[in-house]
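Chain identifiers are assigned alphabetically (A, B, ...) following the order of the sequence lines, protein sequences preceding nucleic acid strands; residue numbering begins at 1 within each chain.
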Amino acid sequence: MRIVDCLSKNLMLLNLGAKNKIDCLMECAETVARNFSDLKKDEIADVLLDREKLGSTGIQDGIAIPHGKFRGLQKTVILFARSLEGIDFQSYDGKPTHLFFVLLAPEETTSEHLKLLARLSRLLKNNELRNELLKAKNEEGITHILEREDDKLA
Amino acid sequence: MTSSLKAALKIRDSAGLHARPAARLVTLAKKFPAEILLRKDSVTVNGKSMLGVLMLGAGPGETIHAEVSGLKAREALAALREFFEAGFP
């Protein structure tokens with residue numbers, strides 16, 4: 001499964017207003033709920049925040065991959081969010097997080113989830129790509145960058 | 001003259017090496033000064049990088065090949081073995 005197949009322009013927040021982890025995940029949850037009538041904002045936020053309690057999904061190099069499983073989802077979706085200022089997401093390298101790929105998966109998706117995580121990681125390892133994502137002016141730009149890089153992966 | 005130590009590590013956890021165990025693995029690896037390389041198929045990554053470990057996308061039953069060198073290499077490899085054998089405690 002490609003990253004771009006899970007993205008949509010309705011699920012992109014290019015300028016997060018949130019200044020902290022909880023607000024950030026609430027903002028993401030709100031956007032997801034607006035697009036999926038089966039999911040409630042508070043439930044989404046609860047799942048994502050519960051996962052954070054087990055260890056931050058703030059990885060390194062300004063990237064976080066918050067994730068959770070949701071009943072009522074037919075396929076995995078990814079919300080992209082960006083904070084130009086950066087948010088303290090308790091990342092493993094201690095740096096502020098700027099780029100968020102929020103993975104929402106259906107309940108039974110262990111192997112697909114692993115593959116998607118691996119693919120995202122391969123993509124985000126690229127320093128130049130991360131800079132491009134920070135500079136992109138709109139949703140089309142983000143989609144274009146990710147599509148181009150996704151196509152390069154086997 | 002230092003040579004590297006190698007081991008094949010099998011994934012026993014039923015969910016594979018997903019984000020939480022990856023974080024624990026990296027935390028463990030960072031305790032040692034040794035260089036820790038992990039390989040699955042043709043992908044080799046730094047065992048001290050969370051993004052690297054996630055790149056492996058290693059599922060249940062799969063094998064990761066570890067290559068450890070430098071200071072405390074033996075101790076680091078023993079810790080990795082234990083971590084995999086215990087199913088990512």
Side-chain angles (χ1 to χ4, degrees), chain A residues 1-3 47-48 50-69 76 78 89-95 97-105 107-127 129-130 149 152-154, chain B residues 8-67 76 79-80 82-84 86-89:
Chain A
M1 180 180 268
R2 299 192 314 157
I3 308 297
V47 170
L48 294 174
D50 276 351
R51 170 58 187 83
E52 293 303 319
K53 286 179 197 153
L54 303 171
S56 180
T57 60
I59 298 176
Q60 64 193 56
D61 303 325
I63 304 157
I65 309 180
H67 53 268
K69 292 182 179 177
T76 299
I78 299 177
F89 220 71
Q90 294 91 50
S91 184
Y92 285 91
D93 65 0
K95 293 183 195 161
T97 302
H98 296 278
L99 302 170
F100 301 85
F101 289 81
V102 185
L103 247 73
L104 304 122
E107 291 229 294
E108 308 287 328
T109 47
T110 308
S111 73
E112 188 190 84
H113 174 71
L114 261 180
K115 284 182 193 140
L116 213 52
L117 267 180
R119 205 173 170 89
L120 254 182
S121 309
R122 284 169 68 194
L123 212 74
L124 295 171
K125 190 104 182 120
N126 182 341
N127 182 22
L129 168 90
R130 297 197 302 269
E149 294 300 317
K152 287 185 194 166
L153 299 179
Chain B
L9 306 167
K10 190 168 171 160
I11 294 175
R12 292 164 197 272
D13 183 278
S14 62
L17 195 46
H18 58 100
R20 255 171 296 151
R24 288 200 288 272
L25 173 57
V26 168
T27 306
L28 178 71
K30 281 184 174 168
K31 287 182 186 166
F32 299 93
E35 183 187 39
I36 298 174
L37 296 176
L38 302 174
R39 177 177 65 82
K40 198 197 99 185
D41 305 324
S42 59
V43 184
T44 303
V45 301
N46 176 1
K48 297 181 183 183
S49 159
M50 175 115 167
L51 210 51
V53 173
L54 285 177
M55 275 170 67
L56 295 174
E62 293 193 299
T63 298
I64 287 180
H65 299 273
E67 190 174 339
L80 285 177
E82 198 179 323
F83 181 72
F84 275 75
F88 308 147

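Other residues, nucleotides and ligands contribute only 12 or fewer heavy atoms inside 6.0 Å of the CD atom of B/Glu82. No more than 12 heavy atoms of other residues, nucleotides or ligands shown are found within 6.0 angstrom of CD on A/Glu108. A 6.0 Å sphere centred on NZ of A/Lys115 holds no more than 12 heavy atoms belonging to other residues, nucleotides or ligands.
Annotation: the span from B/His18 atom NE2 to A/Leu116 atom CG amounts to 15.0 Å, rounded to 0.5 Å. Summarising the geometry, atom CG belonging to B/Leu54 is positioned 15.0 Å from atom CZ belonging to A/Arg119; distances are rounded to the nearest 0.5 Å. Atom CG of residue A/Asp61 and atom CE of residue B/Met50 lie 12.0 Å apart, to the nearest 0.5 angstrom. A distance of 4.5 Å separates CD in A/Gln60 from CG in B/Leu51, rounded to the nearest 0.5 Å.
When all heavy atoms of A/Ala118 and B/Leu56 are compared, the closest pair comes out as CB-C, 4.5 Å.
Counting heavy-atom pairs under 4.5 Å between each of A/His67, A/Arg51, A/His113 and chain B puts A/Arg51 at the top.
Proximity to chain B is limited to the side chain of A/Ile63, based on heavy atoms less than 4.5 angstrom apart. Proximity to chain A (any heavy atom under 4.5 Å) is restricted, for B/Ala58, to the backbone atoms N, CA, C and O. Of the two parts of A/Lys125, the backbone and the side chain both hold a non-hydrogen atom closer than 4.5 Å to a non-hydrogen atom of chain B.
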